[in-house]
Structures are given as C-alpha cells and as structure tokens.
> 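Following this message is one structure expressed as structure tokens.
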Amino acid sequence: MHSISPVIWQFLIKWLTYFAIFPPEASSIAPYADALYFFLVAISVVGLTAVAILVVTFSIRYRKEVHPVATPIDGSTLLEATWTIIPLILFMISFVWGALLYFRIYSPPANAMNIYVVGKQWMWKVEHPGGQHEINALHIPINRPIQVTLISQDVFHSFSIPAFRVKREVIPGRYNTEWFEATQVGTYHLFCTQYCGTLHSQMIGEVVAMTPEDYEAWAAGSTSGNSLAQNGERLFASLGCSSCHNSGANAHGPNLANVYGSHLQMKNGPFVTVDDAFLRDTILNPTMHEVAGFAPIMPTYQGQVSEEGLIDLVEYIRQLDSQYRIDQTINNSAEQPIQTGATPPGTSAPALAPGAVKP
Amino acid sequence: MDSHTVAAQTAEAGHIEHEHPPFLRHHFATVEQQRETATFGMWLFLLTEIMFFGGLFCAYLIFRNWYYPAFVAGSHSLHLWAGTLNTTLLIISSFTMAMAVHAAETRVRKALIGWMIATIILGSGFLCVKAYEWHDEWVEHHVPGLNFSPAGFLHGTKDYPDDKLPLDMAEKTQVYFSLYFAMTGMHALHMVIGISLLTILLIQAWGGSYVNGHVAPIENFGLYWHFVDIVWIFLFPLLYLISRHQ
Amino acid sequence: MSTIVTLPDQSTATLPKVSYLNKEYGLKSWLLTGDHKRIAMLYLISITFFFFIGGAMAGLIRLELLTPPSDLLAADTYNKVFTAHGIVMVFLFLVPSVPATIGNFLIPIMVGAKDLAFPKINLLSWYLYIVAGTMILYVLASGGVDTGWTFTTPLSTHYLNTHVITAGLAVFVAGFSSIFTGLNFIVTIHRMRAPGMTWFRLPLFVWSHYAASILMVLGTPVLAITLVLVVLERTIGIGVFDPTKGGDPLLFQHLFWFYSHPAVYIMILPGMGVISEVISTFSRKRVFGYTAVAFSSVAIAVFGFFVWAHHMFVMGISSYSALVFSLLTMLVAVPSAIKIFNWSATLYKGSITFETPMLYAFGFIGLFTIGGLTGVFLGTMGMDIHLTETYFIVAHFHFVMVGGMLMAYLSGVHFWWPKMTGRMYPEGVSKLAAVITFVGFILTFFPQFLLGYLGMPRRYAAYPPEFQVLNVFSSAGASVLGVGYMLPLLYLTWSLKYGKIAGSNPWQATGLEWQIQSPPLTENFVETPIVTHEAYDYEWLESKKGSEVPTVG
C-alpha cells in the first residue's frame, strides 16, 4: 500500500467507490427491460462471434501464402436466404418483445397515484396532489403505481429515471404521461435527457423511494397547506368559471361534476374521454373542443393561467365528484351564476342567499 | 436502354467526328446524348423541388385539419381577384414559354426572343400583383410575427358574416398566414430566380444562341417554368379557395 | 487460370508525363476546373481540413468529460463545442466524404465516361460546400451556436441568442451541395455508361453511390425547407413550430428526422461500396452474391425513408405509429446484415492479402456489425425508452459512423491513393495507423455503451461521479484515436513527394479505373472503352496482363 503514491491511491479509492457498471433494478418494470436487454446482448454476441469466426478463419485458411489461387464463386441463393431469414426472425422477436414492453411502460394502471411535473429551464417542479411541492426531487412510496403527468413551460426536456428504466419527453403545449412502480427503497437519479440549453447538465434531481409509512410522514410534513385541488378551486372561482359551469338548468357550459373520465359528445360527432390533456386544451383552446348541446361561447384562458394554474384546475375538476362540491365552490367564492341573456360572466349580479341555487 | 443508344451512336463515332457543333461538350459522345442527359437532369432537379415544397404542403395539410375555421377565415380574407389574375398570368406565361421552346426548335430567332420577353413580362406582372397582396396583408395586420393581430377575425366580414371567430381560433389564423407567406414566398423566390435565368437566356438568344440546334437549355428552362406554374396551380386553391362556394 | 497476385515491380514503374495533375498549372486552372478529378482533390483537401476542426471539438469534449464537474469548459462553451462537433462532422465531413472525394473521382471512370454529366454543377457543388464551411467557420469564430446539430425547436427558435440563423443557412447551403452531387451521379450512371457497361456489370461501388444519391436528392430538400421555416420563425416570427401560436414543435421533429434518418444511409452506403471493392480486390474474387449486395443497397435507400420516427419513440407519438416505425426499422436492418455476410463469404476460398485498405475493411466489418446490432437495440421500442437520449445512442452512432464510415473512407483513400496521385503510401506505418485507430476506437466508444445503460445522458458537460471511470477510459481511447488519425495526414502528405511510383494497377484489381494510367489523363480514357466482361472478372484481368496500359508521354 505504501508503494503506491497517495495521490494515485486517492483517485483509485474515489473511482472504485463511485464506479458503477449497471444501474439498480428499482422498479417493477426494470427486470423486464433488463431481460430484453440481455436477449439483445446475447443475439449481438452470437452475431458478432459468427462474423468474427468467419472472417478470422477464412483470413487464416485462405491467405495468399497457403491458398494462392482464388476459386471464383458467384453466390448461393440458399445462403442468401439463410442469412436473410435468420436475422429477420431474430429482429422480429426483438420487435414483438419490445412492442409488448413499450405498451406496458406507457399504459398506466387505473389506480395509479397521480403526480404532476412541470419542467422548465433548468429545474423540475414537482407537485403532489396533496399540495406538496418539490424542486428537483420526487418523493414516492414504493409498491404503488405512480403516474407522472409532464409538461414543459418552455422547451423540450425529457424526464428520465434510469433506475426505473423509464423516460418520457416533456414538451410544451401538451401533457405527456409516464408511470412506474418503485420496488426498492433508495435514492435514484432523475435526469433531463433532452438538451435544453445552458444548464441542461444541472437539470438533475433525486427520486426518493420510501416505504409507505415514511412517505405518509413525509407528505404530512411537507404540505404547503393547500392541496392542488384547493388551489384549483380558488382559481376556478376567480376566473369566473362557475358562472357558466354550474348545475343550473340554463347553464351555459357543461356541468363539471364527475366529468373527469366520462365520455362527452363533441359537436362534430365523435365521443371524447375527458382526461387531463382534454381539460387543459379546452381551457386554452375551447373552440377546438365544442361540446354538443352548448353554444361555443367559452372564452380562451391562454395567457391568463400558468402551467401550474392549469394543473391546479385539472386536479380540482378531477376531484369534483358531486354537485354539492360545485355548490360549495360557488358559495365559497361568492360568484353568482349568470341569468339567461343577462350580464356576461365576470360581472356581479344580485347576491343569492348562501346555499340557494338558481332555479 | 440508353447504353444501347450510346453504343449505336459511338459505333459511328468515327464517321460523325466531323459533325462537332460548338455547343457539344467534350464529355458527351453525341448531341443527342447531351440533350437527353440535360433533360434527365432537369426532371430530377424538379423532383427535388417537389420534395422541397412537399414539406410545406405537409405542414399545411396538418394545420388545416386542426384549425379549419381559422383557415377558412384566413382564406376568405385574401383577394380572390388577385389570385385569379395571378393564375391567369402564369398559365398564359406557360403558354408563351412553350411557344418560345417551339420557336427555338424551329430556329426562328425573332419569335424566340418575342415569346421570351412575353414570358418575362407576364412573370413580372405576377410578382407585382403578389407584392400588392403582401402590402395589403401588412396593412391589415396579417403578417405573422411582425405585426399580426387577430382583431380583424373577431368579427365577420360583409361577404362572409359567418367568419366571426372566437379569440382562440382567431389566434390560429396566424398559423394560416405563416404558411401563406412561407408558401407564396418560396414560390415567389422561384419566380424571381426563373425570371433572372430567363433574362440571361434572352440576352444569349439575342446574340444568336439557341436557334442553331442547341435547344436543350430553352427546353429545360421551360420545364422549370412549367413546374413553378404547377406549384402555383396547387397553391391557389389551397390558399384562396377554402370554402368559397357560397 | 490463375489469380496469383504479382505486384508489378514498383521500381520499373514510371510516372506518366501528362496527367490531370499537370495538364494545366495555376490556381485558376484548379478553381475554375470542370475536371471531376480535380474537383475531387479540392474536396479532399477541404474535407480533411474540416475533419480536423471537428476532431479538435471532439478532443475538447473528451477532455472536459475526464472529470465529473464542468471544470474545463463553461456550460455554454461545452454546448457550443458539441454543436460544432456535430454540425462539422455530419454536414461538412461525413455526408460529402466518400461521394465527393472518391465518388467524384471514380464514378465517371468506373462507368467508362470522360466526366460527370454536369461538370459545372460539380464545381458549383464544391463552391457551395466552401460557402457553407466558411459560414460555419464564421459562426465558430464569432461566438458559436449551441442548438445541437439537431436544431430542436422551440429551443433553437425562441430560447437561444447565438448564431442559429447563420448556422441553419450554412447547413441549407451544404444541403444543396449534396443535392447537386447526388443529381450528377444519378444522371451520369443512367446516361453516360460506356458501350457494353450494363447495370449488372457496374462495380458495386457505383450501385451504392446510386442508392446514396437517391437519398441525397429526395431527402435533403426536406431538411432545406425545415431550416427555412426555422429561420423564418426566428427572424419574422411565424409560428408553425410554436405552441403558443398554435404551432406544433413535434412537426419540426418529423420534418427534421424525415431527412436526418436517410442522411445516415447517405453517409454509410458509399462506404459500403468502398468495402465491396476492397474485399473483392484483396481476396482476388468476385464479391459473393453481387446481385444481393446491389439490391440491398437500393433496399436500404428505399426502406430508409420510412423509419424516421424511431427517433421519436419517447416524444409522445401514438403507440400504434411507433409500432409501424419499429417494424420497418427491423426490416431496414436486414439488408445491412446481408451485406456483412456477403463480404465475409467473399473471403471463402479467396487468396487473401492484408494490405492497409484490407485492414481498414476488416475493422469496418467488426465495428459496423456492432454498431448495426446496437441499432436493433434502439429500434426495439421498449428498449429504446431506457436507451434513447443517453450515451448508448452516442456509442451506437459513433460505431457506425466512425467505426464504420470513417474506416471505409480511410480504406478507400488508401486503396485509390495510387490511382489518384500516382504514388504508393508507405505500407508499414499505414498498417500501424490502422491498428492504432481500431484499438483507440474501441477503447473510446465501447465504454459509452455501458454509460448509456447506466443512464448517463447525452450532451452533459457535468455528470454524477459514479460515471467517471468509464469516461476516463473513453477519453484515454480518444487520445489513441487522435494519433491514429494524425498519422495518415502526415504520411499521405509525405507520400506525395516521396512515395514509390505506383504504376497503373498496383493491386492487380479489376475495374476500368485500373486499366488507365496513374494519375489518369484529364479525359480519363484515350479511347472510349467497350465493355465485354462482368464486374470483378479476374480471368479477364489475366488476359489483359500482357497488354500495355496506354500512358501519355
């Protein structure tokens, strides 16, 4: 030990401590991804070995010194067919396996817990439904499917957790989602893998997978006080949404109770499932999503709501499971539903008694 | 195939050696090979131009599908008379260009020059109308990015009262105009290049070229000119004629 | 019949008195030339210059990545360096490398013509290349551009204040250089073949250039219009890619990759053509399965147009369209596999020698096989999710582009050096350089596969410390690789004055180019050849051994 210079020893220790050659398998899908990877490595090794054996043995056996006269051979259809079909079969196996894995990775289970992530240059803003906000960190419970809903505030980013073998582009203008289920407690890297400008390499975070009990403790201790849905409720009121979206018989907009997950019929015919993306886009581009049976009078909120605000609204609407909740919103905010043909939304009308609903 | 042709020609190369017009380039065996090669080259180049405009048409199709009402309103705001006039000018210019090619093939210098001048005048007329239209878009605040305002689309027009758009769809007319300027701009650039090349050919024709059997440059320029015309034939209905049938 | 290789006695070979090199003297005769061979030499010099600029950028990248923090270069500088590396290497080196140097030189000779169909357009191609290169040099000198070579929107359109427009226009100009080269090749191959030179008598080098030219001609215009739209969005603010104006940034991705995927086949196909020629010559045998190799080139070109969205699997395209693109990606991998096996089979019962071009060809076979197989990893959708945007991608494309294409380029330069210059390169040091390059390459890029699976992202100036050991291996390899690339620059230049005189056919190879003097006359052939033999016909070659190759002077 003393024969090695302390400087070199220091480097060796540092490198060997930190040296990694294979990422941890920390999610439910990771073993499946690794299995496919080993299959691909295996066929690559087999293919490369086959080619190497051919090239090396022919080079030795038929080098000029021992084989001075070349035998002209035109070709062989049988051989051509063989080395066309065998690679094709192997590639097709790979294709099918990869397709199955892909659909698995991008099809979240119905009971997944939802977390929102807004990517911006150069940080990740994570928002839990309970109101916990994190920057460049994501605390999650293990053994529970988690769906992250991703959107960018500016340029393309990419949300990558190598230990979970998942990755999804984070783009401006629409939601992308990704799901995973952590299986191992620990802290794992979260990387931005789409070049996004100056501090792309600093857009790194930590995914902290905890036992469910630890997670509950963390969640209880980290909340900012209001859940996303509560923020959304406030926004819903302050933007005047409840003036059209209420339970009144002559309401100008569809009733939003239980609308999340339902099928709405659009004016031009087809049915649409109401999900996060639909809600977000309707708030920003209502003319693109005219619902059958309602006049196209919803104004656009482009420029008036941030991505976080949209997330709050989406979360609020997601939680709206009864008319009572809507009434609570209306009454809490003291906004009044408009009478037919009367004042446009946003202006005040004569107050109703608390709890009363417009007939 | 073509090597067969070459074989037939070069077999007599020894006898045809003395027939060596000054415009025959040294790497070609015969005038025929030179002419066919040049034409092949021009057709291939036009194929690249189709791919070039293709990207724009692709973007147009996607956005028109998404934002149809905005495209309708945007289209209605263009001057139909200007587009029709331009289409007419271009079609006539293709005719005059074809006549110029015929004049070159029949070796009539004055006719060639006359038809070429007519083509240049018609092409320039097209560009003048286009400049007027662009100026008009500027005045109406329809130039994307630079001075765009959707305000004009929040109310219907006299001819098209139904073109009243809600604000979010009115904003999308900016995409329509982005494509309008990109497509007509790219087309106009090709017109400018064409007119410049035609002017050079005209000057050379004045000096006596192209009526001595060397018709390939005129023919191939004609191909280019017809192509630019055809691009406009597609642009015109796609940009000007959306839902105009009332 | 015998295919015994007896290299002609080099000491008796003499340089011809007149050749394309000394027919005319003076700068103007070079800068205004229509001679495809001189244009090829102009390209050779310019491409080599830009290669070393791109290489210097690579050196900076690997130096920075020796340590985890961003300590050598500031983050912005690093971003500009990798962008420069990508733009210069892709557009100013890889795309023109084999076609514009070796292809320009040889295609007319191989088909039996005096020149390409359009010599002036050929010269224009070179000037466009020089304009593009100058614009890029200007960008580098005046502060750089940091979009990445992929110009991803909306970053490039709205979030950067570097020289995006100039760089985009430079690539646009370089694209037209490429289009005109491809157009020239296609027309030449169709229309200017000598009597008797049927399609299936053409050398496979010509077939692969034909296929690559189809891609150049049909694909590059789409890149051109995409760059125009980016420039318009940056200057006047049209919004086709801007979601706040109703545009779609994914549209840019589709349009960009619609060219950029065929671009990789533009880069590799000519290299594959070189390998066919070299393997055949140094095995003294016709390439096994000529027709299969010829058609596989065209198949790669055709299929290559339909796989672009495999670069977008994680971007949110529909899973069903991802299925289609993945399937087609598997199909496009098959013709490349066919070629590798055909080349290997060509060695069977051959009479093999191991000159430098052959060593590079062997390097190609090994490294391209690895690179191509890792492409299958990436075309496998579920696997791509984990691997995309990491160093696995970087390793994959360097294996195919550098381990594949660059080795093929060096193989071709060495193989045809005697023909182009009349002189042999020094065999001993060139073999050493080939081996150094091979070893250095594997050391540089194989660790990057492991880094990629670990999850290390691309384009990172700083990285977590557990990735350091592999990065150190990679940077160490890069220094070896650098030596391997410097050596040819030195000894090839040396050989121009001091190399042994080559004679017309030092390799005893088939092909029309070896039947004329080295260096060739300006008009290539003293009289138009009439072709009666098949490609790679070594018996025909035997029959020619008696006759003098006509030289002038």
> Please state whether the side chain, the backbone, both or neither of A:S160 comes within less than 4.5 Å of a heavy atom of chain C.
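Neither the backbone nor the side chain of A:S160 comes within 4.5 Å of chain C.
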
> We want to know whether C:H310 and C:T329 form a side-chain donor-acceptor pair, criterion being a heavy-atom distance below 3.5 angstrom.
yes

> Report yes or no: do C:D146 and C:T83 form a side-chain donor-acceptor pair below 3.5 Å?
no

> Is the closest basic N to carboxylate O distance between A:K120 and A:E307 below 4.0 Å?
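Result for this pair is no, no salt bridge flagged.
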
> Please look at C:R458 and chain A and tell me whether the side chain, the backbone, both or neither of the residue comes under 4.5 angstrom of a heavy atom of that chain.
backbone

> Side chain, backbone, both or neither: which part of A:R174 has a non-hydrogen atom closer than 4.5 Å to chain C?
side chain

> Please classify the contact between C:T388 and chain A as side chain, backbone, both or neither, with a heavy-atom cut-off of under 4.5 Å.
both

> Verify the distance criterion only: is there a donor paired with an acceptor across the side chains of C:D537 and C:T510 at less than 3.5 Å?
no

> Kindly indicate whether a cation-pi arrangement holds for C:R286 with C:Y538, taking the cut-offs as under 6.0 Å to the six-membered ring centre and within 45° of the axis.
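The answer is no, since C:R286 fails at least one limit relative to C:Y538.
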
> Out of curiosity, A:I204 CD1 to A:Q202 CD, how far, rounded to the nearest 0.5 Å?
7.0 Å

> With a 4.5 angstrom heavy-atom cut-off, could you sort out which part of C:S319 is near chain A: side chain, backbone, both or neither?
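Contact with chain A is through both the backbone and side chain of C:S319.
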
> Out of A:A52, A:S76, A:G47, A:S59, which one racks up the most heavy-atom pairs below 4.5 Å with chain C?
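Maximum pair count with chain C is reached by A:S59.
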
> Answer with side chain, backbone, both or neither: which region of C:T150 has an atom nearer than 4.5 Å to a non-hydrogen atom of chain A?
neither

> Non-hydrogen atoms of chain C under 4.5 Å away: do they reach the side chain of A:F95, the backbone, both or neither?
both

> So how far is it from A:I105 CD1 to A:L100 CG, rounded to the nearest 0.5 Å?
11.0 Å

> Identify which part of A:F156 has an atom lying under 4.5 Å from any heavy atom of chain C, answering side chain, backbone, both or neither.
both

> Heavy-atom pairs under 4.5 Å with chain A - which of C:S344, C:P243, C:A75, C:G350 has more of them than the others?
C:G350

> Shorter than 4.5 Å, heavy atoms on both sides: which option in A:R165, A:M92, A:R63 has the most such pairs with chain C?
A:R165

> Measure distances from C:A322 to the heavy atoms of chain A and classify the residue's part below 4.5 Å as side chain, backbone, both or neither.
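Answer is side chain: those atoms of C:A322 sit under 4.5 Å from chain A.
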
> Counting heavy-atom pairs closer than 4.5 Å to chain C, which one of A:F164, A:Y195, A:F91 comes out on top?
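The residue among A:F164, A:Y195, A:F91 with the greatest pair count is A:Y195.
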
> Where does C:F354 contact chain A at under 4.5 Å (heavy atoms): side chain, backbone, both or neither?
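When you check distances to chain A, only side chain atoms of C:F354 fall under 4.5 Å.
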
> In terms of heavy-atom proximity below 4.5 Å to chain A, should C:Y78 be classed as side chain, backbone, both, or neither?
neither

> Just so I understand: if I count every heavy-atom pair under 4.5 Å between each of A:S152, A:G197, A:S158, A:G98 and chain C, which residue has the most?
A:G98

> Would you say the side-chain atoms of C:W540 pair up with the backbone N or O of C:A535, donor to acceptor, closer than 3.5 Å?
no

> Tell me whether C:D384 is salt-bridged to A:K167, with the criterion being a basic N under 4.0 Å from an acidic carboxylate O.
no

> C:N342 versus chain A, heavy atoms under 4.5 Å apart: side chain, backbone, both or neither?
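Both backbone and side chain.
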
> Could you check whether atom CZ of A:F22 has more than 12 heavy atoms from other residues, nucleotides or ligands sitting under 6.0 Å from it?
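Atom CZ in A:F22 is crowded, with more than 12 foreign heavy atoms closer than 6.0 Å.
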
> Is the C:Y460-C:Y391 ring centre distance short of 6.0 angstrom?
no

> Which answer fits C:Y348, side chain, backbone, both or neither, if we ask what part of it has an atom under 4.5 Å from a heavy atom of chain A?
both

> Sort C:Y463 into side chain, backbone, both or neither according to what part of it lies under 4.5 angstrom from a heavy atom of chain A.
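No part of it gets close to chain A.
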
> Give, as side chain, backbone, both or neither, the part of A:E80 having an atom under 4.5 angstrom from any heavy atom of chain C.
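Contact with chain C is through the side chain of A:E80 alone.
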
> What distance separates C:F313 CZ from C:H311 NE2, expressed to the nearest 0.5 Å?
9.5 Å

> With respect to chain A, which residue among C:P464, C:A337, C:A292 yields the maximal number of heavy-atom pairs within a distance under 4.5 Å?
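Most heavy-atom pairs under 4.5 Å with chain A: C:P464.
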
> Relative to chain C, which segment of A:I171 carries a heavy atom at a distance below 4.5 Å: side chain, backbone, both, or neither?
side chain

> Taking the six-membered ring for Trp, is the centroid-to-centroid distance between A:F278 and A:Y175 below 6.0 Å?
no

> What part of A:D74 is in contact with chain C, defined as an atom under 4.5 angstrom from a non-hydrogen atom: side chain, backbone, both or neither?
both

> CD of C:E389 to CE of C:M315: how many Å apart, nearest 0.5 Å?
6.0 Å

> I'd like to verify something: which residue of C:L331, C:T369, C:L451, C:V334 has the highest number of heavy-atom pairs under 4.5 Å with chain A?
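Most pairs with chain A among the choices: C:V334.
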
> Identify which of C:T152, C:L327, C:V376, C:L373 forms the greatest number of heavy-atom pairs closer than 4.5 Å to chain A.
C:L327

> If I take atom CZ from residue C:F288 and atom NZ from residue C:K339, how far apart are they, to the nearest 0.5 angstrom?
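Going from the CZ atom of C:F288 to the NZ atom of C:K339 covers 15.0 Å.
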
> Please find out if less than 6.0 Å separates the ring center of C:F151 from that of C:F252.
no

> Kindly compute the distance separating CD1 (C:I338) from OG1 (A:T82), expressed to the nearest 0.5 Å.
11.0 Å

> Please state whether the side chain, the backbone, both or neither of A:V96 comes within less than 4.5 Å of a heavy atom of chain C.
neither

> For chain C, which of A:A163, A:C192, A:P24, A:A50 has the most heavy-atom pairs under 4.5 Å?
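So the answer, after comparing A:A163, A:C192, A:P24, A:A50, is A:C192.
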
> Chain A heavy atoms under 4.5 Å from C:I340: which part of the residue, side chain, backbone, both or neither?
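Looking at C:I340, just its side chain touches chain A.
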
> Could you look at C:F368 and say if it's the side chain, the backbone, both or neither that has a heavy atom under 4.5 Å from chain A?
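Neither part; nothing is under 4.5 Å.
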
> For chain A, which of C:D242, C:L160, C:N79 has the most heavy-atom pairs under 4.5 Å?
C:N79

> Shorter than 4.5 Å, heavy atoms on both sides: which option in C:I352, C:I370, C:I365 has the most such pairs with chain A?
C:I352

> Measuring heavy-atom distances to chain C, does A:E178 have an atom under 4.5 Å in its side chain, in its backbone, in both, or in neither?
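Neither part; nothing is under 4.5 Å.
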
> Step through it carefully: locate the ring centre of C:F446, locate the ring centre of C:F449, and say whether they are under 6.0 Å apart.
yes

> Heavy-atom cut-off 4.5 Å, strictly under: side chain, backbone, both or neither for A:N285 against chain C?
neither

> If you tally heavy-atom pairs under 4.5 Å against chain C, which of A:S94, A:S107, A:G173 wins?
A:S94

> Surrounding OH of C:Y159 (heavy atoms of other residues, nucleotides or ligands, distance under 6.0 Å), is the total greater than 12?
yes

> Is chain A contacted by the side chain of C:T153, its backbone, both, or neither, given a heavy-atom distance below 4.5 Å?
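C:T153 touches chain A through backbone heavy atoms alone.
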
> Would you check, one step at a time, whether the test ring-ring contact (aromatic ring centres under 6.0 Å, His included) holds for C:Y453 with C:H386?
CA-CA 7 Å; C:Y453 205 76; C:H386 179 60; 4.6 Å; yes

> Pick one of side chain, backbone, both or neither for A:L79, based on which atoms fall under 4.5 Å of a heavy atom in chain C.
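Just the side chain, heavy atoms under 4.5 Å.
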
